[in-house]
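Here's the structure, in structure tokens; my notes come after.
Computation of the quantities below employed the complete heavy-atom set of this structure, encompassing side-chain atoms and omitting hydrogens, waters and symmetry-equivalent molecules.
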Amino acid sequence: MPPAHPFDFDAVTEDGDTLHEECGIFGVVGVTDAANFVALGLHALQHRGQEAGGIVSYAPDTGFNSARRFGYVRDNFTKQSLMETLPGTIAIGHVRYSTAGSKGQTAIRDVQPFFGEFSMGGAAIAHNGNITNANALRRELIERGSIFQSSSDSECIIHLMARSLQRDIPARMEDALRRVEGAFSVVAMTRTKLIGVRDPLGVRPLVLGKVGDGWCLSSETCALDIIGAEFVREIEPGEMVVITAAKGVESIRPFRPQPPRFCIFEHVYFSRPDSIIGGRSVYETRRQIGVELAREAPMDADLVCPVPDSGTPAAIGFAHESGIPYGMGIIRNQYMGRTFIEPTEQIRNMGVRLKLNVNRALIQGKRVILVDDSVVRGTTSRKIKEMILDAGAAEVHFRIASPPTAWPCFYGVDTPQREKLLAATMSEDEMRVHLGVDSLKFISLDGLYRAVGEAQGRNASCPQYCDACFSGEYPVKPADMLEQGFKMKAAE
């Protein structure tokens with residue numbers, strides 16, 4: 001399939017050599033044809049999940065209506081015949097990349113939003129993140145008579161809401177989410193209310209926007225731009241907002257306050273570079289990562305070259321700080337189409353060359369610094385290095401815009417098992433030898449923190465972000481994984 005969005009080549013690697021966000025969520029209330037706004041919002045969030053998508057809307061004369069489809073938003077939710085089945089002034093939507101649930105074997109029943117009919121009316125819910133005690137909750141709910149329709153951890157929230165004794169749906173949602181551990185940003189809807197919630201640590205993003213006389217909730221600000229909405233503010237960690245067209249936004253604090261731990265990898269990779277996080281441009285943060293990287297790991301070379309497209313802002317920053325010329329030494333094919341879903345063996349063996357091509361005239365004879373966002377398994381990095389050397393480069397040096405990824409994420413990111421992460425089994429120098437490059441350097445964790453605006457670096461006693469994939473320090477113990485034998489990092 002083609003890349004999820006023009007900033008993300010790695011979304012199409014077949015070898016699992018990248019990290020994928022689980023999903024994006026979007027909701028709107030108080031506008032005519034709300035589902036059309038949601039479809040546009042989901043299109044802007046496609047990079048957060050390209051496996052499947054769904055929309056639920058409500059109109060008084062038709063009730064709740066839903067559509068769930070595999071594939072891209074543009075291939076499904078742009079058809080007039082489908083959108084006419086989703087009338088109303090309130091709607092929510094979801095794009096999915098599976099983490100919990102049947103990865104790679106998603107059934108349509110796993111596609112969100114999920115819908116439940118309660119005594120006081122129906123409600124739909126879309127969830128970004130991962131519930132780390134979902135297995136225990138699922139067992140408990142099944143023992144008490146709940147019948148699950150999907151393999152998704154998010155369905156637990158609907159069943160917990162159904163068992164709550166509270167008298168309205170927002171209160172039932174509060175009840176349910178107090179039982180949930182892990183990371184969750186939630187967008188939900190009733191017949192008249194749009195509801196947004198972030199977990200107490202604020203691991204996953206959620207923002208509030210104003211569109212005409214209505215309101216919207218989104219995983220990222222870039223999706224507000226596409227519908228012409230005004231960014232109002234971020235939903236704060238541990239906050240619930242209940243929004244109606246008539247009364248506007250009501251804020252509730254259902255959880256005990258905790259120091260926030262937003263996912264730092266949102267800055268590095270997941271969010272689109274044209275989004276704003278914590279008042280900072282994601283593009284500018286990534287450029288600053290390149291600046292920090294050039295200060296920490298200088299190298300005498302002839303050319304700074306990004307691995308498209310996720311390494312581009314960091315490469316620009318590296319080149320500017322180092323004074324080494326920046327060049328597009330690798331060109332990405334923008335039109336990787338469906339022809340290559342099931343290619344012949346001969347075509348499949350071409351691997352990365354189907355997606356990337358080296359600008360041979362620029363590379364030949366040069367000492368090249370390649371800047372990429374991360375190294376996961378290392379397979380793609382090795383292929384790119386081989387292409388650069390085949391094109392006649394004199395030297396190849398890797399500079400990585402994140403610290404070594406040595407631990408899996410359990411908060412909504414699809415990460416390989418720890419033993420398959422290159423940095424979990426090799427030192428930096430061993431990785432350099434494995435990749436076959438002249439040098440390999442990662443930005444330090446403190447350098448990354450400085451790049452995202454923490455001038456003093458990382459506060460080791462109380463980290464400002466969730467950086468478990470780098471540090472092994474999990475802000476919420478992954479109960480289900482510990483039950484399955486996962487070994488956490490020993491306290492130092």
Gap between atom [atom2] of [Y] and atom [atom1] of [X] - 0.5 Å precision:
X      : Y      : atom1 : atom2 : value
Leu217 : Leu224 : CG    : CG    : 9.0 Å
Ser402 : Ile289 : OG    : CD1   : 8.0 Å
Arg377 : Leu422 : CZ    : CG    : 10.5 Å
Phe470 : Arg458 : CZ    : CZ    : 11.0 Å
Phe398 : Ile388 : CZ    : CD1   : 8.0 Å
Met426 : Leu421 : CE    : CG    : 11.5 Å

Where do [X] and [Y] come nearest, in terms of heavy atoms and distance?
X      : Y      : answer
Leu45  : Cys222 : CD2-SG, 4.4 Å
His47  : Gln50  : O-OE1, 4.0 Å
Ile226 : Ala223 : CG2-O, 3.1 Å

Which residue, Arg68, Arg96, Arg69, forms the salt bridge (Lys or Arg N to Asp or Glu O under 4.0 Å) with Glu51?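 Result for salt bridge (Lys or Arg N to Asp or Glu O under 4.0 Å) with Glu51: Arg96.
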
Between [X] and [Y], does at least one N-O distance fall below 4.0 Å, as a salt bridge requires?
X      : Y      : answer
Arg48  : Glu266 : yes
Glu428 : Lys441 : yes
Glu483 : Arg139 : yes
Arg450 : Glu296 : yes
Glu473 : Arg261 : no
Glu321 : Arg287 : no
Lys383 : Glu386 : no

Between [X] and [Y], what is the ring plane arrangement, given parallel below 30°, perpendicular above 60°, and tilted in between?
X      : Y      : result
Phe148 : His159 : tilted
Phe410 : Phe486 : perpendicular
His127 : Phe184 : tilted

Quick one about [Y] and [X] (side-chain donor to acceptor, distance below 3.5 Å, no hydrogens or angles considered), yes or no?
X      : Y      : value
Arg295 : Ser322 : no
Asp110 : Ser151 : yes
Asp199 : Tyr411 : no
Asn459 : Ser461 : yes
His267 : Gln288 : no
Arg109 : Ser150 : no

Between Glu155 and Arg138, is the salt bridge (Lys or Arg N to Asp or Glu O under 4.0 Å) condition met? List the steps. CA-CA 9 Å; Glu155 192 182 349; Arg138 194 181 186 97; 5.0 Å; no

side-chain contact (heavy atoms from CB on, under 4.5 Å) with Pro478: which of Met488, Glu181, Gln484? Met488

Salt bridge (Lys or Arg N to Asp or Glu O under 4.0 Å) for Asp309 and Arg332? Distances and angles first, verdict last. CA-CA 8 Å; Asp309 282 316; Arg332 183 169 66 81; 2.8 Å; yes

Should [X] and [Y] count as side-chain neighbours, where that means a heavy-atom distance under 4.5 Å?
X      : Y      : result
Ser154 : Phe114 : yes
Ile400 : Leu440 : yes
Ser471 : Trp407 : no

Walk me through it: do Ser439 and Arg399 pass the test side-chain hydrogen bond (donor to acceptor under 3.5 Å, both in side chains)? CA-CA 8 Å; Ser439 73; Arg399 293 296 179 267; 3.0 Å; yes

Test ring-ring contact (aromatic ring centres under 6.0 Å, His included) on His43 and Tyr72; report intermediate values, then the result. CA-CA 8 Å; His43 178 72; Tyr72 288 170; 9.0 Å; no

